[in-house]
S.K.: 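Have a look at this one before I ask anything.
Just so we're on the same page: letters track the sequence lines, and every chain starts at 1. Hydrogens, waters and symmetry mates play no part in the numbers below; they use all other heavy atoms, side chains included.
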Amino acid sequence: MSSSIPARVRFAPSPTGHLHLGGARTALYDYLLARQTGGQFILRIEDTDRKRLVPGAEEEIMAGLRWLGLQWDEGPDIGGPYGPYRQSERKELYQEYARQLIESGNAFYCFCTPERLERVRTEQQKNKIIPHYDGTCRNIDPDEALRRVKAGEPHVIRFKSPQEGSITVKDVLRGEITVENRTIDDYILVKSDGLALYHLAAMVDDHLMKITHVIRGSEWLPTLPLHSHIHRALGWDEPQWVHLSVFLKPTGKGKMSKREAADLIKDGHSIFVKDFNDLGYLPESVVNWITLMGWSYDDHTEFFSLPDLVEKFSLDRLNPSPAAINFTKLDHFNGLHIRDLQVTDFSRRIKPFFVSAGLNPDDATLLKIAPIIQERVATLDEAPEIAGFFFKPTVNPTAEELTAKGLTAAQSADVARKCLSILESVTEMTPEAAEPPMRALVEELGLSAGQVFGIVRTAVTGQRVSPPLFESMEIIGKTEVLKRMRLAISLLDAAG
RNA sequence: GCCCCCAUUGUCUAGUGGCCUAGGACGUGGCCCUCUCAAGGCCAAAACUCGGGUUCGAAUCCCGAUGGGGGCACCA
């Protein structure tokens, strides 16, 4: 248990694309900390960049969080005591604090044109020095600057980074980080259109929303000193800073590119939360999986439900090193969680996959097949592949598929005929009634169970791999089983 | 180029100076179970990046190198 003080944490995505695994993990940790401490999990939309806004992205992010089971307590859709929760609706707030920063000498108006800045940057790059603001407007007399602003001259507001000394900031995972102030650029806080940038907007919101822990990706580590400076300049206490490691591609070599991310779907994988449901993954599995990429409970426990995690999560067991995404392990967790499901729940969850496979599953049959396929699928979408024959009017195996290993087609037909007569004579098509005489036949024929049952399996299911034969035949029913057997025999006879 | 972060088997990780002949999991190989496929059980191979310190003692602390990652926008 990391803290008994109620934590107020926020997940603050920008609506510029899909919710991906990295964001999902951040949101998950936010959620866990909030629930564990009896605090609040806040959803804030960082949409200050109107140009990059993607229609529908906000809704997709919310749908993704809901799918994972991470319901927020305050957010743009449900409001809350510290709203609005969309930065585009908080513009005036940021301007007010920018003014404060200017008045206290911690920020300044900058009138440099983008063109000039671009020239300076290319010059700096040519001379192999760190691209940074050259300080042209830093020392314009404040009254003079104000006069130019009032006169309507285009301008931005920049943070006036201290030029001497150093700053030490504490990250929960990495301890104290110290950097020289001169390496911190005079970042732009407010754009020429009057909208604040992340560096100002997020700090203002975190403070106003009383955020206690800022959990975010490690890509923010380089600007952490800036953020700390802003808090201090405004006279605010800082939240706990928690910078999570990044997710690397499966090879462990670098972040996944857009192209690579899009290509994953061909292998039944994805890094976008929106895709996992259709790929047959349970939200429980995804949660379990991403939790363990960067966090551990002890040296052996790996199976967790969301409520487990609420109880067991702790910030001090977070791991700062980058983690390669391992989809094989997701499959493993998915199998574990599938088998952990109640049978009725499992049957309910596989239904849509039969439907999208073009089949017409009825709930009663679904409930019967659920227990015999539950431990045979790694992902839900495999259900119709392994059990689709239950809902098909006919199955069409080839004579070759029907022929048992080590036997000819004619011999297999013979075996099938003997099986048929046993199955015909059986009073009930149950494993109890059908299996003993079938086993006796195997014995009598001197063949292996695999050879004999294999012929029946293929005849009845149309597949060489299927759920247990006798249980399957019981579900299909005697009439249909006999029908399929007769068809198989005729197929075999034709080939022999 | 500059700044920051990270460093245990192929991968996710445990390990916070002696309990480590380094533990667990996925994957891999073998065996068992077995009507196929799974599931399950058992076994095996597989790691402390390197070099210096500190210490009686280092995977664990310090320094350096190397490697990897991230950042250097009027994006977030």
Side-chain angles (χ1 to χ4, degrees), chain A residues 12-17 46-49 51-52 87 110 112 114 117-118 121 124-125 127-132 154-158 171 173-174 177-180 183-185 187-193 195-199 201-202 216-225 243 245-246 248 250-255 289 292-303 317 319-333 335 339 372-378 382 386 435 438-439 442 448-458 461 463-470:
Chain A
S14 66
T16 52
E46 311 223 320
D47 57 350
T48 51
D49 187 353
K51 292 189 294 289
R52 294 204 311 153
Q87 291 189 327
C110 172
C112 297
L117 261 15
E118 185 53 42
R121 194 175 304 127
Q124 288 170 334
Q125 277 163 353
N127 296 330
K128 303 249 189 252
I129 58 172
I130 329 159
H132 66 285
H155 64 278
V156 299
I157 296 173
R158 286 180 184 273
D171 173 75
L173 282 75
R174 299 152 229 270
I177 296 164
T178 302
V179 298
E180 297 298 319
T183 65
I184 305 170
D185 203 359
Y187 285 91
I188 291 175
L189 264 22
V190 178
K191 294 184 279 184
S192 53
D193 64 3
L195 264 168
L197 251 27
Y198 177 90
H199 298 127
R216 59 195 341 189
S218 67
E219 65 269 24
W220 292 109
L221 227 31
T223 44
L224 173 60
H243 292 87
S245 62
V246 290
L248 272 22
T251 56
K253 303 285 179 204
K255 276 214 291 194
W289 178 51
L292 258 15
M293 299 181 69
W295 179 84
S296 62
Y297 177 63
D298 58 18
D299 64 350
H300 66 280
T301 315
E302 290 211 313
F303 184 87
R317 292 197 64 87
N319 184 324
S321 45
I325 294 173
N326 182 350
F327 291 107
T328 317
K329 189 126 188 184
L330 169 61
D331 287 342
H332 167 70
F333 279 125
R339 276 169 256 138
I372 61 172
I373 66 168
Q374 193 163 1
E375 66 183 29
R376 283 162 229 277
V377 294
E382 290 170 7
I386 186 178
E435 191 165 352
M438 288 289 284
R439 294 247 174 226
V442 168
S448 73
Q451 285 174 303
V452 177
F453 295 176
I455 296 170
V456 181
R457 179 193 315 284
T458 310
T461 70
Q463 304 168 181
R464 300 205 97 151
V465 171
S466 83
L469 219 211
F470 297 100

S.K.: Tell me, do Thr223(A) and Tyr198(A) make a side-chain contact under 4.5 Å, heavy atoms counted?
M.R.: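 Side-chain contact under 4.5 Å: no.
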
S.K.: Only pairs with both distances under 3.5 Å count, Watson-Crick or wobble alike; so what is the partner of U36(B) in this structure?
M.R.: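 Base-paired to nothing in any strand shown.
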
S.K.: Can a side chain N or O of Arg376(A) be found less than 4.0 Å away from OP1 or OP2 on G40(B)?
M.R.: no

S.K.: Can you tell me which nucleotide in C74(B), C4(B), U13(B) comes closest to the side chain of Pro114(A)?
M.R.: C74(B)

S.K.: What distance, rounded to whole Å, do you find between the two C1' atoms, one in U60(B) and one in A38(B)?
M.R.: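 Here U60(B) and A38(B) have their C1' atoms 42 Å from each other.
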
S.K.: What nucleotide, of C74(B), G24(B), G70(B), holds the atom closest to the side chain of Pro222(A)?
M.R.: G70(B)

S.K.: Using the rule given for side chain to side chain contact (heavy atoms under 4.5 Å, CB included), can you reason through Arg439(A) versus Phe453(A), listing the C-alpha separation, both sets of side-chain angles and the distance that settles it, and then say yes or no?
M.R.: CA-CA 9 Å; Arg439(A) 294 247 174 226; Phe453(A) 295 176; 3.7 Å; yes

S.K.: Does Lys329(A) put a side-chain nitrogen or oxygen below 4.0 Å from OP1 or OP2 of U13(B)?
M.R.: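 No, because none of the side-chain N or O atoms of Lys329(A) sits under 4.0 Å from OP1 or OP2 of U13(B).
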
S.K.: Side-chain N or O of Lys253(A) less than 4.0 angstrom from OP1 or OP2 on G68(B)?
M.R.: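 For Lys253(A), the contact criterion (side-chain N or O under 4.0 Å from OP1 or OP2 of G68(B)) is not met.
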
S.K.: Could you please name the partner base of C20(B), counting Watson-Crick and G-U wobble pairs only when both distances are under 3.5 Å?
M.R.: none

S.K.: Considering only the P atoms, how many Å lie between G18(B) and C12(B), rounded to the nearest integer?
M.R.: 26 Å

S.K.: Considering only side-chain heavy atoms of Arg121(A), which listed nucleotide, C74(B), C12(B), G71(B), is closest?
M.R.: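 Selected nucleotide: C74(B).
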
S.K.: Rounded at 0.5 Å granularity, tell me how far NE2 in His332(A) sits from CG in Asn326(A).
M.R.: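 Rounded to the nearest 0.5 Å, the NE2-CG separation comes out at 10.5 Å.
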
S.K.: Rounded to whole angstroms, how far apart are CD1 on Ile373(A) and P on A38(B)?
M.R.: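 Those two atoms, CD1 and P, are 15 Å apart.
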
S.K.: Can you tell me whether the side chain of Arg174(A) and the base of C5(B) have a donor-acceptor pair closer than 3.5 Å?
M.R.: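 Counting by modelled atom types and ignoring angles, no donor-acceptor contact under 3.5 Å is found here.
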
S.K.: In whole angstrom, give me the gap between the C1' atoms of U11(B) and A46(B).
M.R.: 12 Å

S.K.: Provide, to the nearest angstrom, the distance between the CG atom belonging to Asp298(A) and the C1' atom belonging to C12(B).
M.R.: 14 Å

S.K.: How long is the line joining CZ of Phe333(A) and P of G27(B), in whole Å?
M.R.: 10 Å

S.K.: Using the C1' atoms only, state how far U49(B) lies from U66(B), rounded to an integer number of Å.
M.R.: 7 Å

S.K.: Classify the nucleic acid contact of Arg216(A) as base, sugar-phosphate or nothing, counting any heavy atom under 4.0 Å across all strands shown.
M.R.: nothing

S.K.: Under 4.0 Å between a side-chain N or O of Arg339(A) and OP1 or OP2 of G40(B)?
M.R.: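 Answer yes for this pair, as a side-chain N or O of Arg339(A) is under 4.0 Å from OP1 or OP2.
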
S.K.: Which comes earlier along RNA chain B counting from the 5' end, the contact point of Trp289(A) or that of Gln87(A), where each point is its nearest nucleotide?
M.R.: Trp289(A)

S.K.: Is any side-chain nitrogen or oxygen of Ser466(A) closer than 4.0 Å to OP1 or OP2 of U36(B)?
M.R.: no

S.K.: What does Pro468(A) touch in the nucleic acid at a heavy-atom separation under 4.0 angstrom: a base, only the sugar-phosphate, or nothing?
M.R.: base

S.K.: Under 4.0 angstrom, heavy atoms only, what part of the nucleic acid is Glu302(A) near: base, sugar-phosphate, or nothing?
M.R.: base

S.K.: Compare every heavy atom of Ala202(A) with every heavy atom of Gln87(A), then report the nearest pair and how far apart it is.
M.R.: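 The answer is NE2-N, 3.7 Å.
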
S.K.: State which of G69(B), C74(B), U36(B) makes the closest approach to the side chain of Val465(A).
M.R.: U36(B)

S.K.: Take atom P in C2(B) and the same atom in U54(B), then report the distance between them in whole Å.
M.R.: 31 Å

S.K.: Which one, C35(B), C6(B), C74(B), comes nearest to the side chain of Pro320(A)?
M.R.: C6(B)

S.K.: Would you indicate, yes or no, if U34(B) has its OP1 or OP2 atom less than 4.0 angstrom from a side-chain nitrogen or oxygen of Arg439(A)?
M.R.: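 False: Arg439(A) side-chain N/O out of range (4.0 Å or more) of U34(B) OP1/OP2.
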
S.K.: Quick one: look up who C2(B) pairs with, Watson-Crick or G-U, both distances under 3.5 Å, and put none if it's unpaired.
M.R.: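 Answer to the pairing question: G71(B), which forms a Watson-Crick or G-U pair with C2(B).
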
S.K.: Does a side-chain heavy-atom distance below 4.5 Å link Leu292(A) with Lys329(A)?
M.R.: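 Side-chain contact under 4.5 Å: no.
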
S.K.: Which part of the nucleic acid does Leu292(A) contact within heavy-atom distance under 4.0 Å: base, sugar-phosphate only, or nothing?
M.R.: sugar-phosphate

S.K.: Hey, does the side-chain of Glu375(A) have a donor or acceptor N/O within less than 3.5 Å of a partner on the base of G40(B)?
M.R.: no

S.K.: Could you walk me through whether Cys112(A) and Arg158(A) satisfy the side chain to side chain contact (heavy atoms under 4.5 Å, CB included) test, starting with their C-alpha distance in whole Å, then the side-chain angles of each, then the deciding distance to 0.1 Å, before giving a yes or no?
M.R.: CA-CA 11 Å; Cys112(A) 297; Arg158(A) 286 180 184 273; 5.5 Å; no

S.K.: Contact class for Val179(A) vs. all strands (heavy atom < 4.0 Å): base, sugar-phosphate, or nothing?
M.R.: sugar-phosphate

S.K.: So which one's nearest nucleotide on RNA chain B is more toward 5', Thr183(A) or Gly294(A)?
M.R.: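 It is Thr183(A), whose closest nucleotide lies nearer the 5' terminus.
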
S.K.: Please check if the side chain of Arg121(A) supplies one atom and the backbone of Leu117(A) the other of a donor-acceptor pair under 3.5 Å.
M.R.: no

S.K.: In whole Å, what is the span from the NE2 atom of His332(A) to the C1' atom of C26(B)?
M.R.: 6 Å

S.K.: Show the numbers, then the answer: is there a side chain to side chain contact (heavy atoms under 4.5 Å, CB included) between Leu469(A) and Val456(A)?
M.R.: CA-CA 8 Å; Leu469(A) 219 211; Val456(A) 181; 3.9 Å; yes

S.K.: Would you mind classifying the nucleic acid contact of Leu195(A) as base, sugar-phosphate or nothing, using non-hydrogen atoms under 4.0 angstrom?
M.R.: nothing

S.K.: Using the C1' atom as the point on both nucleotides, what is the distance between G68(B) and C33(B), in whole Å?
M.R.: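 Their C1' atoms lie roughly 44 Å apart.
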
S.K.: Mind calculating the distance between CH2 (Trp220(A)) and C1' (C4(B)) to the nearest angstrom?
M.R.: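 Interatomic distance, CH2 of Trp220(A) to C1' of C4(B): 15 Å.
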
S.K.: For the side chain of Thr328(A), starting at C-beta, report the closest nucleotide among A76(B), C26(B), C35(B).
M.R.: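 Ranking A76(B), C26(B), C35(B) by closest atom to the Thr328(A) side chain puts C26(B) first.
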
S.K.: In whole angstrom, give the distance that lies between atom NE2 of His199(A) and atom P of G71(B).
M.R.: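 Rounding to the nearest Å, NE2 of His199(A) and P of G71(B) are 12 Å apart.
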
S.K.: Which nucleotide wins on minimum distance to the side chain of Ala324(A), given the candidates G70(B), U11(B), G15(B)?
M.R.: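 For the Ala324(A) side chain, the nearest candidate turns out to be U11(B).
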
S.K.: In whole angstrom, give the distance that lies between atom CG of Leu248(A) and atom P of A7(B).
M.R.: 13 Å

S.K.: When the P atoms of C43(B) and U16(B) are considered, how many whole Å apart are they?
M.R.: 25 Å

S.K.: Counting only Watson-Crick pairs (N1-N3 plus N6-O4 or O6-N4) and G-U wobbles (N1-O2, O6-N3), all under 3.5 Å, who is the partner of U28(B)?
M.R.: A44(B)

S.K.: Calculate the interatomic distance between Gln124(A) atom CD and C72(B) atom P; express it in whole Å.
M.R.: 15 Å

S.K.: So, do His243(A) and Leu173(A) sit near enough that their side-chain heavy atoms are less than 4.5 Å apart?
M.R.: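 No, every pair of side-chain atoms sits at 4.5 Å or beyond.
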
S.K.: Using a heavy-atom cut-off of under 4.0 Å over every strand shown, decide if Asn319(A) touches base, sugar-phosphate, or nothing.
M.R.: sugar-phosphate

S.K.: Nearest to the side chain of Asp299(A), which nucleotide is it out of G69(B), A76(B), G23(B)?
M.R.: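 Per side-chain heavy atoms of Asp299(A), the pick is G23(B).
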
S.K.: Considering only side-chain heavy atoms of Arg52(A), which listed nucleotide, A7(B), A76(B), C74(B), is closest?
M.R.: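 So the nucleotide nearest the side chain must be A76(B).
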
S.K.: Is there a Watson-Crick or G-U wobble partner for U49(B) with both distances under 3.5 Å, and if so, which one is it?
M.R.: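 By the stated definition (distances under 3.5 Å), A65(B) pairs with U49(B).
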
S.K.: Under 4.0 Å from OP1 or OP2 of G10(B): is there any side-chain N or O of Asn326(A) that close?
M.R.: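 False: Asn326(A) side-chain N/O out of range (4.0 Å or more) of G10(B) OP1/OP2.
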
S.K.: Under a 4.0 Å threshold between the charged nitrogen and the carboxylate oxygen, would Glu219(A) count as salt-bridged to Lys255(A)?
M.R.: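 Salt bridge flag = no for Glu219(A) with Lys255(A).
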
S.K.: Give me the distance, rounded to whole Å, that separates A45(B) from G30(B) when you measure between the P atoms they each carry.
M.R.: 15 Å

